[in-house]
Colleague: 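The structure under discussion is supplied below as structure tokens; questions concerning it will follow.
Predicted model only: the values in this text are computed from it and were never measured.
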Amino acid sequence: MKTTNGLQRLGITLCGLSALALVGCGGDSDHDDVEQPQPQPQPQSLSCEQLPGLAIPADAFALATSGGEVTAATVVAASGSGVAALPEHCLVEGRIAPVDPAAPDILFKVALPADWNKKALMFGGGGFNGSIPNITGNIAQGAVDQPLPVARGYATFASDSGHQANALGSQDGRWGLNDEAVDNFAGDALKKTRDASVFIIKQRYGSAPAHSYFAGGSTGGREALTSIQRWPDDWDGAIAWYPAWNDAEALLAGQHYSRALSQPGAYPSFAKRQLLLDAALEACDELDGLADELINDQRQCNAIFDPSTAMVNGNPLRCPGGGDDGDSCLSDAQINALKTMDQGVTFNFPLASGETGYPGSNVWGADLGIDTSTPVGNTITFLNFGYTAPVFPNMPQYAPYLSVLVDQWVKYSVARDASFNSYNLDPINPAPQYAQRISELSVGLNAGTNISAFEARGGKLLLAHGMSDVLVSTRATEMYYGRLLNQMGAEKVDSFVRFYEVAGFGHAASLSFNATWDSLTALEDWVEDGTAPENQVTTDTVGAPGRTRPLCDYPAWPRYIDGGDPMEAASFECAQE
């Protein structure tokens with residue numbers, strides 16, 4: 001394919017080459033009286049300098065838009081070295097105009113490497129989006145010892161999902177006031193961005209991508225699953241880390257948790273969060289045969305650990321009598337809030353998505369935000385319990401990430417009233433007008449689990465989730481995978497899906513085991529060569545840099561082989577019992 005592409009750039013077509021051996025590409029003196037088939041015209045490729053101002057017609061989109069345009073295109077010189085190297089590429093900026101003049105544009109970017117590998121990769125977003133992901137960077141939890149996707153030759157692209165965030169960034173929910181913006185965030189912007197980007201790719205290179213992949217985590221994971229479910233013909237493969245696939249229910253659960261943490265005395269301090277983690281490690285760390293501050297057998301830990309009776313450093317975790325005696329123990333108010341998160345929630349009203357609740361999160365053994373002395377520690381704190389307790393009706397910006405997110409969603413998407421006190425929304429028994437609105441929203445916010453059309457065209461899916469993720473529950477991804485098994489059977493699912501869980505890894509970052517994995521190569525090998533993933537390994541880059549663990553096919557987990565090097569994946573076997 002590289003040879004063909006190079007020849008086309010020199011003006012030599014396949015038809016020109018084959019004329020030496022085949023009749024039909026050029027004149028043959030023995031057949032001058034026969035009308036010969038004419039070669040199909042090759043699409044004209046444009047230089048980077050010719051792209052600014054390029055119009056993207058409305059008929060280039062499968063969904064309704066008012067068209068789009070390239071607003072800027074810049075040649076970026078090669079830079080960096082080693083795995084951080086960036087190749088020369090054309091960085092394109094564009095906008096997709098809405099049908100509703102009051103709706104925001106969709107802003108997007110496309111990176112077009114000078115040496116294209118004939119593949120495309122879409123990046124997913126995070127939270128409520130509102131900004132364009134770094135398309136010349138790495139994919140979610142991508143390998144740090146391999147070239148970046150654009151350096152591999154991928155044409156990469158992403159968008160802000162159809163709105164531009166304010167100072168709250170990915171927590172800004174103002175888009176909920178506009179119906180078209182709501183539909184764009186729910187999924188429509190994914191298709192529109194893909195169609196615009198492929199149009200530009202064709203204009204630049206003269207051909208469409210031979211293979212197209214989607215990679216994302218969290219909201220980006222939901223976007224990956226939404227894309228392969230709604231537009232299966234667009235994608236050959238997808239990577240979904242910690243996907244918020246049942247987003248409406250996750251938001252409702254977040255409201256339930258936020259209200260629990262807002263109760264008097266319920267919000268645990270940094271020291272108490274550390275105490276809880278220490279107690280869970282005391283009880284569960286060695287269930288896998290090795291004391292390494294990682295809980296591999298998380299399901300067993302969830303079954304045996306109870307903060308009301310647990311011990312830590314020789315003392316009860318629960319304060320005597322249940323009152324708050326300071327940072328040496330947890331009060332009943334704090335324990336009850338944490339148990340609320342572990343137990344999950346069932347809703348007492350119907351949702352059009354068909355969901356009835358949300359499973360609890362693996363709170364026992366999770367870093368809820370403990371260390372604020374490092375960038376990674378601050379990221380973990382920001383995405384978990386934050387720095388201040390949730391307070392209604394004026395939610396502090398530094399409250400738990402989920403509390404701020406849900407507060408914005410309830411105000412703008414559900415109540416559509418910026419002055420609404422979100423605390424007054426009961427997520428289990430909402431008032432009828434809010435129940436109806438939530439039910440409507442659930443259809444778009446949830447990625448359907450029927451991906452049979454994606455499977456039928458040969459698509460491949462890689463799912464992965466950290467077992468210490470509190471923001472998006474690992475148990476929800478287990479539900480998604482379980483439904484695939486129920487719908488299609490284990491043999492069929494095994495032919496196109498892999499699901500792995502990683503001990504000690506939270507949401508997008510971890511101080512215990514910061515998971516990385518060369519998922520893109522694994523996906524390429526499966527899609528393009530038919531080589532299914534086997535013996536996959538995840539590498540820690542923070543807790544113990546260079547430490548590796550096997551990625552076990554769910555529901556298996558890594559169990560230590562006595563005497564092995566605890567830094568090496570080869571010292572573990574995948575166990576289920």
Colleague: Could D188 and R230 be called an ion pair, given the rule that one side-chain N must be under 4.0 Å from one carboxylate O?
Modeller: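 So D188 pairs with R230 through a salt bridge.
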Colleague: Which heavy-atom pair separates P133 from G124 by the least distance, and what is that distance?
Modeller: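 The pair with the smallest heavy-atom distance is CG-O, 3.5 Å.
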Colleague: For residues N514 and T541, is any side-chain donor paired with an opposing acceptor at under 3.5 Å?
Modeller: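 Judged by distance alone, the side chains do pair up.
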Colleague: Please report the closest heavy-atom contact between A248 and L445, naming both atoms and the distance.
Modeller: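 In this case the closest contact between A248 and L445 is N-CB, 4.0 Å.
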Colleague: Closer than 3.5 angstrom, by distance alone: can the side chain of Q397 be matched with the main-chain N or O of L168 as a donor-acceptor pair?
Modeller: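 No, because the side chain of Q397 does not come within donor-acceptor range (under 3.5 Å) of the backbone of L168.
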Colleague: Tell me whether E355 is salt-bridged to R483, with the criterion being a basic N under 4.0 Å from an acidic carboxylate O.
Modeller: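 R483 and E355: salt-bridged.
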Colleague: For N129 and G126, indicate whether the former's side chain and the latter's backbone hold a donor-acceptor pair under 3.5 Å.
Modeller: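 It does hold such a pair.
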Colleague: Between R498 and D525, does any NZ, NE, NH1 or NH2 come within less than 4.0 Å of an OD or OE carboxylate oxygen?
Modeller: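 Answer for the salt bridge query: no.
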Colleague: When you measure from the side chain of E180 to the backbone of A102, do you find a donor-acceptor pair of N or O atoms at a distance under 3.5 Å?
Modeller: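 No.
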Colleague: Are L63 and W231 close enough, and set up right, to give a side chain to side chain contact (heavy atoms under 4.5 Å, CB included), and what steps lead you there?
Modeller: CA-CA 11 Å; L63 302 179; W231 304 286; 4.1 Å; yes
Colleague: Quick test of your reading of the model: are R416 and D179 salt-bridged, counting only N-O distances below 4.0 Å?
Modeller: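 Between D179 and R416 there is a salt bridge, with a charged N closer than 4.0 Å to a carboxylate O.
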Colleague: Less than 4.5 Å apart, any side-chain heavy atom of D234 and any of K191?
Modeller: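 D234 vs K191: side chains touch.
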Colleague: Looking at the rings of F108 and F157, which for Trp means the six-membered one, are their centres under 6.0 Å apart?
Modeller: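 Ring centroids of F108 and F157 are no less than 6.0 Å from each other.
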Colleague: Can you tell me how far apart CG (D494) and CE (M488) are? Round to the nearest 0.5 Å.
Modeller: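 Those atoms lie 12.0 Å apart.
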Colleague: What's the shortest heavy-atom distance between G237 and F454, and which atoms?
Modeller: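 Heavy atoms of G237 and F454 come nearest at CA-CZ, 3.9 Å.
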Colleague: Does a donor on one side chain sit under 3.5 Å from an acceptor on the other, for N134 and T136?
Modeller: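 T136 and N134 do have a side-chain donor-acceptor pair below 3.5 Å.
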Colleague: Donor-acceptor check, side chain of R222 to backbone of A186, threshold 3.5 angstrom: yes or no?
Modeller: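 Yes, because the side chain of R222 sits within donor-acceptor range (under 3.5 Å) of the backbone of A186.
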Colleague: Spell out, as yes or no, whether a donor-acceptor pair under 3.5 Å connects the side chain of K460 to the backbone of E455.
Modeller: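 Such a contact is absent between K460 side chain and E455 backbone.
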Colleague: Are any non-hydrogen side-chain atoms of L112 and L51 less than 4.5 angstrom apart?
Modeller: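 The answer is yes, as the side chains (C-beta and beyond) meet within the 4.5 Å cut-off.
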Colleague: Please round to the nearest 0.5 Å and tell me the distance separating atom CG of D518 and atom OG1 of T538.
Modeller: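 Atom-to-atom, D518:CG and T538:OG1 are 11.0 Å apart.
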Colleague: With a 4.5 Å cut-off on side-chain heavy atoms, are L252 and Y358 touching?
Modeller: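 They are not in contact (no side-chain heavy atoms under 4.5 Å apart), so the answer is no.
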Colleague: With a 4.5 Å heavy-atom cut-off, do L484 and F499 have their side chains touching?
Modeller: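 They are not in side-chain contact.
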Colleague: At their closest point, which heavy atom of P104 faces which heavy atom of A181, and how far apart are they?
Modeller: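 Residues P104 and A181, closest heavy atoms: CD-CB, 3.9 Å.
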Colleague: Are Q487 and T449 linked by a side-chain donor-acceptor pair shorter than 3.5 Å?
Modeller: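 Present: a donor and an acceptor within the cut-off.
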Colleague: Could you measure the distance from the CG atom of N246 to the CG atom of L351? Nearest 0.5 Å is fine.
Modeller: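 Between N246 CG and L351 CG, I get 10.5 Å after rounding to 0.5 Å.
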Colleague: Work out which heavy atom in A60 is nearest to a heavy atom in F199; give both atom names and the distance.
Modeller: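 Closest heavy-atom pair between A60 and F199: CB-CD1, 4.0 Å.
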Colleague: What is the distance from atom CG of D407 to atom NZ of K411, rounded to the nearest 0.5 Å?
Modeller: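 So the gap between those two atoms works out to 4.0 Å.
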Colleague: Walk me through it: do I56 and I96 pass the test side chain to side chain contact (heavy atoms under 4.5 Å, CB included)?
Modeller: CA-CA 8 Å; I56 308 172; I96 302 168; 5.7 Å; no
Colleague: Give, for atom CZ of F185 and atom CG of D247, the distance between the pair rounded to the nearest 0.5 Å.
Modeller: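 Going from the CZ atom of F185 to the CG atom of D247 covers 5.5 Å.
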Colleague: Got more than 12 heavy atoms from elsewhere within 6.0 Å of CD, Q433?
Modeller: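 Yes, the 6.0 Å shell around CD holds more than 12 heavy atoms from other groups.
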Colleague: Quick one: which of Y242, Y481, W517 gives a ring-ring contact (aromatic ring centres under 6.0 Å, His included) with Y500?
Modeller: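 It is W517; the other options fail the test.
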Colleague: Report the distance from atom OH of Y434 to atom CG of L425, rounding to the nearest 0.5 Å.
Modeller: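 It comes to 8.0 Å.
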Colleague: Any side-chain heavy atom of S258 sitting closer than 4.5 Å to one from M395?
Modeller: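 S258 vs M395: side chains touch.
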Colleague: For D236, is there any backbone N or O sitting under 3.5 Å from a side-chain donor or acceptor partner on S212?
Modeller: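 Looks like no, no N/O pair under 3.5 Å.
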Colleague: For S422, does its backbone N or O pair with a side-chain atom of Q255 as donor and acceptor, under 3.5 Å?
Modeller: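 Answer holds: yes.
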Colleague: Check step by step if side chain to side chain contact (heavy atoms under 4.5 Å, CB included) holds for K119 and R152.
Modeller: CA-CA 10 Å; K119 303 178 193 177; R152 300 189 191 199; over 6 Å; no
Colleague: Is the gap between the ring centers of W241 and F505 under 6.0 Å?
Modeller: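 Distance test on ring centres: under 6.0 Å, yes.
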Colleague: Could you tell me if the side chain of D233 sits less than 4.5 Å from the side chain of R457, heavy atoms only?
Modeller: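 A side-chain contact under 4.5 Å exists here.
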Colleague: Determine whether the aromatic ring centres of Y412 and F128 lie less than 6.0 Å apart.
Modeller: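 No, the ring of Y412 stays outside the 6.0 Å limit from the ring of F128, centre to centre.
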Colleague: Please tell me if the side chains of Y387 and P396 come closer than 4.5 Å, counting only heavy atoms from C-beta onward.
Modeller: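 A side-chain contact is absent here, since even the closest heavy-atom pair is not under 4.5 Å.
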Colleague: Can you find a heavy atom in the side chain of E69 that is under 4.5 Å from one in the side chain of R95?
Modeller: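 Yes; the side chains approach each other to less than 4.5 Å.
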Colleague: Any chance you could lay out the side chain to side chain contact (heavy atoms under 4.5 Å, CB included) test for T71 and L107, step after step, and finish with the verdict?
Modeller: CA-CA 10 Å; T71 56; L107 302 182; over 6 Å; no
Colleague: Spell out, as yes or no, whether a donor-acceptor pair under 3.5 Å connects the side chain of H465 to the backbone of E478.
Modeller: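 Checked: no pair found.
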Colleague: Does the S197 side chain pair with the main chain of V110, one donor and one acceptor, at a distance under 3.5 Å?
Modeller: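 Not at all, since once roles are kept as given, no pair shorter than 3.5 Å links the two residues.
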Colleague: Is a side-chain donor or acceptor of S442 paired with a backbone partner of S353 at a separation under 3.5 angstrom?
Modeller: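 Side chain of S442 to backbone of S353, a donor-acceptor pair under 3.5 Å: yes, one is there.
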Colleague: Shortest non-hydrogen contact from S227 to W235?
Modeller: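 Taking S227 first and W235 second, the nearest heavy atoms are CB-NE1, 3.5 Å.
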